[in-house]
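Just follow the structure's listing: the first ligand is 1, and inside any ligand the first atom is 1. All of these numbers come straight from a predicted model, not from anything done at the bench.
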Amino acid sequence: MLGSNLLNYALGVFSNDIGIDLGTANTLVFVRGRGIVLSEPSIVAIDRNTKKVIAVGKDAKSMIGKTPENIQIVRPLKDGVIADFDVTQEMLKYFIKKVHEDTAITKLLKPRPRIIVGVPSGITTVEKRAVIDAAKQAGAREVFLIAEPMAAAIGAGLPIQLPGGNMIVDIGGGTSEIAVISLSGLVLSTSIRLAGDEMNSAIIQHLKRAHHILIGEQTAEKIKVKLGSAYPTERDDQEMEIRGRDMTGMPRSAVIKGGEIREALEDVVSNIVNAVRTALEKTPPELAADIVERGIVLAGGGSLLYGLDKRLREETDLPVYYCDEPLTAVAKGIGISLDDIELIKKVSFD
Ligand SMILES: Nc1ncnc2c1ncn2[C@@H]1O[C@H](COP(=O)(O)OP(=O)(O)OP(=O)(O)O)[C@@H](O)[C@H]1O
Ligand SMILES: [Mg+2]
């Protein structure tokens with residue numbers, strides 16, 4: 001057994017087996033034997049005329065707001081799924097190439113990696129196909145899809161293979177996923193297309209309505225991180241000066257307060273909280289008893305909204321805590337499954 005595992009591991013490392021957390025906001029790539037080697041925004045810059053890719057990831061993000069007319073900035077994933085297939089494929093190919101290390105042997109034998117991609121649990125068959133095709137086009141020999149909350153739970157170190165309820169809530173950029181896992185299966189999963197991006201939109205809308213000032217997504221994200229919250233705290237009285245444009249396009253600035261941003265985010269936050277409560281209500285009693293004891297585990301960047309853990313604790317009356325590294329839990333979980341073919345087979349989608 002140990003021998004075959006070792007052989008499998010060596011083969012995997014040799015063929016550069018890869019795990020990809022293809023996120024709406026960020027893509028992370030885990031390479032077998034090396035760990036997480038890439039973490040970049042899921043953004044691509046394209047030439048409008050020739051449709052050629054000009055930049056991907058960090059390089060493309062740094063161009064936002066500074067591009068001439070002929071360059072278009074695209075986020076190929078929306079609400080956690082592939083919105084633009086061609087661009088997603090280009091992005092995947094670029095990232096896979098970037099992490100691939102050529103050695104004398106790999107140059108000669110051209111190994112084709114096994115690729116595991118994390119996808120939202122609510123993915124449709126057509127969307128599944130799109131992800132598999134993109135990974136194959138990018139050179140994969142074999143592609144497995146794993147539900148993001150399952151990967152997050154593995155990455156968070158939850159005992160998912162044992163009988164017993166584990167609840168994970170992964171709030172990303174595009175989707176919030178709530179899952180109850182036991183015996184390596186999703187007993188229950190809910191995926192709502194409301195997460196960090198929608199929080200940014202709510203802030204943009206609020207500034208437009210209440211301050212008549214237009215801001216971009218990046219400014220909205222900064223406000224969310226610095227001033228946003230999901231629970232009344234000392235942040236309510238904190239202030240921040242922001243710059244944008246007025247309705248005529250002239251530069252304008254305004255001073256905003258934490259409390260108003262909390263209120264602007266309330267709609268998105270309460271929707272996420274309600275989805276968690278509904279999932280708890282639907283959880284079979286035996287597993288619910290485990291969750292009462294073990295608590296709810298939070299993952300994903302969107303869960304880092306200030307006070308969200310406290311808010312959930314208060315509204316569910318359960319222990320709520322963050323996993324070690326919320327932004328990398330999915331990629332880490334996929335990485336762990338890369339080492340364990342039996343686990344992949346158990347936890348991957350058909
Ligand atoms: N400190 C923070 N406070 C609030 N939000 C944060 C913080 N840090 C990151 N975020 C948000 O987390 C989101 C990105 O999280 P993550 O990388 O987990 O998403 P993703 O995996 O790309 O998306 P998805 O899983 O929905 O496809 C962004 O909306 C970002 O603004
Ligand atoms: Mg994610």
Query raised in the report: Is atom CE of Met250 surrounded by more than 12 heavy atoms (other residues, nucleotides or ligands) closer than 6.0 Å?
Result: no
Query raised in the report: Does NZ belonging to Lys128 count more than 12 external heavy atoms closer than 6.0 Å?
Result: yes
Query raised in the report: Around ligand 1, what residues show up once you keep those with a heavy atom under 4.0 Å from it?
Result: Gly23, Thr24, Ala25, Asn26, Gly80, Glu148, Gly172, Gly173, Gly174, Thr175, Gly196, Asp197, Glu221, Lys224, Val225, Gly300, Gly301, Gly302, Leu304, Leu305, Leu327
Query raised in the report: Is there a donor-acceptor pair closer than 3.5 Å between any side-chain N or O of Asp79 and the backbone N or O of Val81?
Result: no
Requested in this report: Check Asp21, Thr88, Thr27, Thr24 against Ser42 for a side-chain hydrogen bond (donor to acceptor under 3.5 Å, both in side chains) and give me the one that passes.
Outcome: Thr27
Query raised in the report: Per the side-chain hydrogen bond (donor to acceptor under 3.5 Å, both in side chains) rule, which among Gln205, Lys224, Gln218, Glu221 passes with Asn200?
Result: Lys224
Report summary line: Of all heavy-atom pairs linking Leu305 and Ser229, the shortest is CD1-N, 3.8 Å
